[in-house]
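Read through the structure below, which is laid out as structure tokens, and then see the notes.
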Amino acid sequence: LHYAMKANPMPAVVAFMAGLVNGIDVASAGELKVALDAGANPKDVSFAGPGKRDAELRQALAAGVLVNVESRRELVVLAALQQQLGLRARVALRVNPDFELKGSGMKMGGGPKQFGIDVDQVPALLDLVRAEGLGFEGFHLFAGSQNLRAESICEAQIKSYELALRLAERAP
């Protein structure tokens with residue numbers, strides 16, 4: 001169970017939630033600072049969100065949190081930073097699934113979108129992860145949300161599992 005922080009998180013709430021969940025998802029350098037200041041274990045923090053600035057990637061690497069990589073650019077920056085800082089970057093590839101959650105209000109799958117890495121780009125990026133010695137920890141898949149239909153959610157979970165298995169065949 002992860003706690004996804006929202007805009008302007010209150011440190012006391014984050015500290016309370018950190019004791020109840022297995023991880024905290026952050027989407028900015030400010031949220032990362034709040035999570036760490038609230039006592040969250042960096043090994044239990046993941047940093048997602050498109051368009052991460054180089055300074056944010058440096059902060060995430062220095063803190064030892066998992067970076068959900070959204071693009072080739074982020075991988076290249078993390079590889080350079082890991083060389084500069086002498087630290088190993090922890091990464092997961094945020095994959096844009098080739099299916100979508102039917103009836104979802106917010107969709108992140110079903111083909112090219114502004115967030116994440118398209119499925120057909122994953123093999124080349126896994127090769128880059130391997131070549132640069134980045135610490136690969138898995139895939140971040142998000143098919144959609146705002147749907148309470150059990151059959152649609154189950155179908156998306158099954159498809160997510162099957163996609164992860166296919167992608168894992170190429171993982172470092």
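Nothing here was measured: the structure is a model prediction, and the numbers come from that model.
Closest heavy-atom contact between A35 and V26: CB-CG1, 4.1 Å. Of all heavy-atom pairs between V91 and L66, the closest is C-CD1, 3.5 Å. Residues E56 and K52 approach most closely at OE1-CA, 3.5 Å, considering heavy atoms. Across every non-hydrogen atom of V119 and L167, the tightest pair is CG1-CD2, 4.5 Å. Annotation for N96 and G116: closest pair CB-C, 4.4 Å, computed over non-hydrogen atoms. N68 approaches E74 most closely through the heavy-atom pair O-OE1, 3.9 Å.
Counting only heavy atoms from C-beta outward, the side chains of L61 and Q82 approach each other to under 4.5 Å. Between Q59 and L32 there is a side-chain heavy-atom pair separated by less than 4.5 Å. Counting heavy atoms from C-beta outward, L165 and E169 have side chains that stay 4.5 Å or more apart. Looking at N22 and D44, their side chains never come closer than 4.5 Å, going by heavy atoms from C-beta outward.
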Inset, instruction - Carefully, step by step, assess R58 and L85 under the rule side-chain contact (heavy atoms from CB on, under 4.5 Å). - result: CA-CA 9 Å; R58 176 182 290 274; L85 300 176; 3.3 Å; yes
Inset, instruction - Give the intermediate values and the outcome of side-chain contact (heavy atoms from CB on, under 4.5 Å) for residues R73 and V76. - result: CA-CA 5 Å; R73 185 201 74 80; V76 169; 5.8 Å; no
Inset, instruction - Could you check E162 against R166 for salt bridge (charged side-chain N to carboxylate O under 4.0 Å, His left out), going step by step and ending with a plain yes or no? - result: CA-CA 6 Å; E162 291 169 348; R166 278 194 343 254; over 6 Å; no
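Between the side chain of E137 and the backbone N or O of R90, no donor-acceptor pair lies under 3.5 Å. In this structure, N41 contributes its side chain and K43 its backbone to a donor-acceptor pair below 3.5 Å. Checked by atom type and distance alone, the side chain of R94 never pairs as donor or acceptor with a backbone atom of L141 at under 3.5 Å. Using modelled atom types, no side-chain atom of E132 and backbone atom of L128 make a donor-acceptor pair closer than 3.5 Å.
The distance from atom CD of Q121 to atom CG of D118, rounded to the nearest 0.5 Å, is 5.0 Å. Here the straight-line distance linking atom OG of S71 with atom CG of L93 works out to 10.5 Å at 0.5 Å rounding. Atom CG of L75 sits about 11.5 Å away from atom CG of D127, to the nearest 0.5 Å. Between the OG atom in S28 and the CD atom in E31 there is a gap of 4.0 Å [rounded to 0.5 Å]. Considering CZ of F47 and CD of E70, their distance stands at 10.0 Å, rounded to 0.5 Å. Rounded to the nearest 0.5 Å, atoms OG (S160) and CD (Q157) are 5.0 Å apart.
The hydrophobic cluster containing V122 does not contain Y161, counting ILVMFWY residues as joined when their side-chain heavy atoms lie under 4.5 angstrom apart, directly or transitively. Linking Ile, Leu, Val, Met, Phe, Trp and Tyr residues whenever their side-chain heavy atoms come within less than 4.5 Å leaves I158 and L163 in two separate clusters.
Sequence neighbours left out, the pairs with a member in residues 117-138 that pass ring pair (Phe, Tyr, Trp, His ring centres under 6.0 Å) are F136-F139.
The number of heavy-atom neighbours closer than 6.0 Å to CZ of R130, taken from other residues, nucleotides and ligands shown, is above 12. Surrounding CZ of R53 are at most 12 heavy atoms belonging to other residues, nucleotides or ligands under 6.0 Å away.
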